[in-house]
Amino acid sequence: MKSRLQSLVADALAKLQADGVLPADLEPRIQIERTRDARHGDFASNVALTLAKPAGMNPRGLAERILAALPDAPEVEKVEIAGPGFINFFIRDAALADVVRHVLEQGEAFGRSDLGAGKRVQVEFVSANPTGPLHVGHGRGAAYGAAVADLLDAVGYAVHREYYVNDAGRQMDILAASVWLRYLELCGEELPFPANAYQGDYVWDIAAALHREHGERFRKAWAEVAEGLPADAPEGDKEQYIDAVIDKARTLLGADDYRIVFDTALNYILADIRDDLEQFGVVYDEWYSERRLTENGLVDQAIDRLRAAGHTYEQDGALWFRSTDFGDEKDRVLVRENGQTTYFASDIAYHMDKLERGFEWVIDIWGADHHGYVPRVKAALQALGEDVNRLHVLLVQFAILYRGGQKVQMSTRSGEFVTLRQLRKEVGTDAARFFYVMRKCEQHLDFDLDLAKSQSADNPVYYIQYAHARVCSVFRQLAEKGLGWDRDTGLAHLDRLTEDHEQALITRLDRYPELIEAAATQHEPHQLAHYLRELANDFHTYYNAHQFLVDDPELRNARLALIAATRQVIANGLGLLGVSAPDKM
RNA sequence: GCGCCCGUAGCUCAGCUGGAUAGAGCGUUGGCCUCCGGAGCCAAAGGUCAGAGGUUCGAAUCCUCUCGGGCGCGCCA
């Protein structure tokens with residue numbers, strides 16, 4: 001309806017241009033908005049206000065000329081000029097009610113569009129280091145990323161969901177060393193567990209798996225391992241200590257056996273993460289390995305390209321990228337003094353590869369604590385001659401959990417953090433998925449665990465799901481009365497839906513496609529979450545005000561068509577957020 | 001110190017990218033089934049849109065400054 005009105009106004013403006021009322025070179029942007037107040041009609045346009053100046057006319061006068069030039073349209077009941085020069089459109093009820101037919105005909109496809117025209121878009125999200133289970137902080141990135149990806153998919157983009165696996169680097173070595181030491185303990189060695197090693201119980205689990213599969217193959221006497229190690233914290237430096245332990249593991253085990261320990265840990269945790277996310281309704285098209293990036297030579301290639309373009313220099317034995325030339329606040333190291341490439345170098349190579357894989361654009365979803373990282377990545381891409389505007393970085397702020405009105409403390413150090421798995425178990429996937437996307441991503445999220453668990457109207461998830469279940473219940477009731485729903489009769493008499501509550505619900509349904517488009521292109525799933533609450537509210541209000549199962553078959557079937565359409569839209573919307581739409585609760 | 005994000009009702013947040021009288025939920029107060037699920041509905045009270053300037057027909061929204069809160073500023077990943 002919106003685009004229909006847009007073209008009507010465009011016709012009118014073209015006519016005025018032809019008549020010389022408006023300058024011919026004007027290219028107006030026609031805004032049609034939904035009105036907030038029913039007295040202003042259904043839609044309003046401010047073109048007369050925005051064009052008044054270039055046209056050299058007063059806004060109301062111009063509005064009258066536009067009105068006169070407006071072509072006739074059957075769905076428009078009347079058009080009015082109001083206030084300073086708004087043009088208000090009143091749409092015929094019957095024309096609005098047509099949305100019910102569209103919803104029922106299109107079913108699950110209602111709200112989907114081909115706006116994206118099949119353009120390829122990549123969404124990379126979560127990408128947590130595989131050094132332990134996902135925690136609740138990752139959960140928000142997972143829920144948000146999945147919703148953004150699903151929304152883009154819904155409006156016609158070919159979405160590629162990707163998880164970047166940091167399977168190289170020091171943190172992974174620390175994990176491998178942690179697992180190996182726990183394994184030695186299982187073999188019967190007594191040893192002090194390093195302060196900087198991973199303390200979580202899952203490390204024991206991996207060590208046990210290693211022991212089951214390989215027996216005592218990797219066992220070394222602790223005395224042998226401990227020989228020549230520096231002091232651990234608190235007397236010594238815990239970083240130096242853990243690095244020394246890693247070196248010991250490498251030399252004592254040899255490269256091949258060390259790799260087995262390392263890969264056992266990596267694969268165990270990756271499998272856990274993958275399973276966790278799948279149960280959270282989040283699935284990926286690709287798990288992209290950082291190690292593979294290095295092995296394929298892409299990191300060296302990226303560095304070479306930067307060097308060849310003259311954007312690097314050597315200092316203090318390291319190779320630096322002059323990122324300050326591209327707006328970064330300081331230059332960054334690519335190759336360390338010890339010859340190892342930095343994480344940043346991998347990331348440049350990764351992003352270069354992303355862009356060169358031919359995506360129309362690439363979306364990174366990062367925790368807000370990484371925001372300082374954005375300028376340097378963009379600097380590198382710019383230096384490589386890539387189009388930086390194809391990279392969109394969305395920063396997700398922290399989620400803070402509350403239980404009983406108190407902040408839930410989390411400390412990764414002790415291994416006593418709240419995992420995503422624990423959260424799912426406590427509040428359920430539906431509530432977790434919904435709560436995570438209720439706020440826009442740059443807003444801090446207060447996650448109220450008690451509220452998420454409560455089965456009451458306070459809880460928006462239940463409120464929305466209840467509306468869906470209630471419609472189902474009405475249809476069950478209908479069957480119990482020995483009646484059926486005659487859809488065609490209903491659709492033929494949509495003009496019987498004249499109550500205010502019905503018109504409100506119809507208008508809400510009509511908004512859904514625009515809303516999906518906005519939520520998708522602006523990467524704001526919270527818009528959908530809010531919409532669904534409002535839709536459920538419209539339905540519950542209608543339910544309380546009117547009886548659906550009335551004697552008059554025309555009215556009854558029309559009302560059933562309306563609530564069936566409502567049920568469909570709720571199901572479609574919840575589906576995009578990864579929330580189920582139950583028939584009963 | 002520099003950079004990014006945030007500041008709207010007692011609390012948690014929307015506000016359709018500059019539009020008409022700033023809206024929801026919770027909480028508070030008062031109401032509503034002889035009826036399709038009361039896991040629901042209706043009503044009332046509640047505002048210096050952090051503050052000050054500016055841009056214009058028009059600002060919660062855009063620009064500048066100030067104040068308050070969060071996060072980040074490694075040859076870690």
Side-chain angles (χ1 to χ4, degrees), chain A residues 31 33-37 39-40 44-46 49-50 52-53 58-59 82-86 88 129 131 166 168-172 174 239 290 315-320 329-330 332-344 346-347 367-375 395 397-398 400 402 405 438-446 448 451 454-460 462-463 465-467 469-478 480-481 511 514-515 518-519 522 524 526-527 529-531 533-534 536-537 539-550 559-560 563 584-585:
Chain A
Q31 283 184 57
E33 290 183 326
R34 297 212 175 245
T35 56
R36 220 170 293 187
D37 189 330
R39 281 172 301 183
H40 299 141
S45 181
N46 60 357
L49 287 106
T50 57
K53 190 171 261 184
N58 76 65
F86 289 104
N88 292 338
N129 283 353
T131 52
N166 294 122
R170 180 162 173 269
Q171 293 305 319
M172 281 306 299
I174 294 177
E239 304 287 349
E290 181 188 359
Q315 188 182 306
D316 304 329
L319 182 72
W320 295 71
E329 55 188 17
K330 54 177 289 195
R332 309 290 171 178
V333 171
L334 295 170
V335 184
R336 290 194 281 254
E337 197 180 354
N338 64 11
Q340 287 188 324
T341 56
T342 57
Y343 174 84
F344 178 47
S346 299
D347 234 16
D369 52 335
H370 285 70
H371 71 79
Y373 209 71
V374 178
L395 299 169
Q397 295 286 341
F398 292 139
I400 303 160
Y402 287 86
M438 268 193 325
R439 306 283 171 247
K440 52 181 160 196
C441 67
E442 61 262 36
Q443 188 75 250
H444 286 267
L445 173 69
D446 288 337
D448 185 334
L451 181 60
S454 83
Q455 307 204 351
S456 75
D458 316 355
N459 184 340
Y462 280 89
Y463 185 81
Q465 289 181 322
Y466 179 46
R470 228 176 185 181
V471 175
C472 295
S473 173
V474 172
F475 278 93
R476 283 193 294 269
Q477 202 51 231
L478 180 73
E480 274 176 34
K481 291 188 176 181
R511 277 197 58 184
E514 294 159 30
L515 179 107
Q522 294 162 38
E524 292 187 342
H526 79 275
Q527 289 190 32
H530 284 275
Y531 169 88
R533 215 219 164 261
E534 285 161 358
N537 182 33
F539 170 75
H540 287 308
T541 302
Y542 178 38
Y543 181 96
N544 269 271
H546 300 282
Q547 191 77 15
F548 307 147
L549 303 181
V550 293
R559 286 183 170 173
L560 289 171
I563 65 168
K584 288 180 192 184
M585 296 171 70

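Residue numbering restarts at 1 for every chain, and letters A, B, ... go by the order of the sequence lines. Since we're looking at a predicted model, the values are computed, not measured.
As rounded to the nearest Å, B/rC6 and B/rG10 have P atoms that lie 22 Å from one another. Taking the P atoms as reference points, B/rG1 lies 30 Å from B/rA14, given to the whole Å.
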For this session: Could you run through nucleotides 16-22 of chain B and give me one letter per nucleotide, 5' to 3': B if any protein heavy atom sits under 4.0 Å from the base, S if only the sugar-phosphate is that close, - if neither?
Result: BB-BBB-
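One finds no side-chain N or O of A/N544 lying less than 4.0 angstrom from the OP1 or OP2 phosphate oxygen of B/rC42. Taking only side-chain nitrogens and oxygens, A/R336 comes nearer than 4.0 Å to OP1 or OP2 of B/rC76. OP1 or OP2 of B/rC5 has not a single side-chain nitrogen or oxygen of A/R439 nearer than 4.0 Å. When the side-chain nitrogen and oxygen atoms of A/Y466 are compared with OP1 and OP2 of B/rC41, none of them lie within a distance under 4.0 Å. OP1 and OP2 of B/rC6 both lie 4.0 Å or more from every side-chain N or O belonging to A/K440.
A distance of 8.0 Å separates CG in A/D347 from CG in A/N166, rounded to the nearest 0.5 Å.
Between B/rA14, B/rC41, B/rA77, one nucleotide has an atom nearer to the side chain of A/H540 than all others, and that is B/rC41. Each of B/rA14, B/rC75, B/rG38 was ranked by its minimum atom distance to the side chain of A/R470; first place goes to B/rG38. Residue A/E290 has its side chain nearest to B/rA77 when only B/rC36, B/rC5, B/rA77 are considered. Among the nucleotides B/rU12, B/rC71, B/rC75, the one closest to the side chain of A/F398 is B/rC71.
Base contact: A/Q547 has a heavy atom under 4.0 Å from a base atom. Residue contacts for A/T541: at a heavy-atom cut-off of 4.0 Å it reaches the sugar-phosphate backbone alone, with no base atom in range. At the heavy-atom level, A/H526 lies under 4.0 Å from the strands shown only through sugar-phosphate atoms. Heavy atoms of A/F475 sit nowhere under 4.0 angstrom from any nucleic acid atom. Here A/E442 lies in heavy-atom contact (under 4.0 Å) with sugar-phosphate atoms only. Using a 4.0 Å heavy-atom cutoff across all strands shown, A/Y373 reaches at least one base atom of the nucleic acid.
A/Y531 does not carry A/R511 over the face of its six-membered ring by the limits of under 6.0 Å from the centre and within 45° of the normal.
Within 3.5 Å, a donor on the side chain of A/H371 pairs with an acceptor on the base of B/rC71, or the reverse.
With its glycosidic angle within 90° of 0, B/rU17 adopts the syn conformation.
In RNA chain B, runs of at least 3 stacked Watson-Crick or G-U pairs (N1-N3 plus N6-O4 or O6-N4, or N1-O2 plus O6-N3, all under 3.5 Å) give these stems: B:1-7 with B:67-73, B:10-13 with B:23-26, B:28-32 with B:40-44, B:50-54 with B:62-66.
For the residue pair A/T131 and A/Q171, no side-chain donor N or O sits within less than 3.5 Å of a side-chain acceptor on the partner.
Listed by chain and residue number, A/Q340 satisfy the side-chain hydrogen bond (donor to acceptor under 3.5 Å, both in side chains) test with A/R336 (two or more places apart in sequence, or in another chain).
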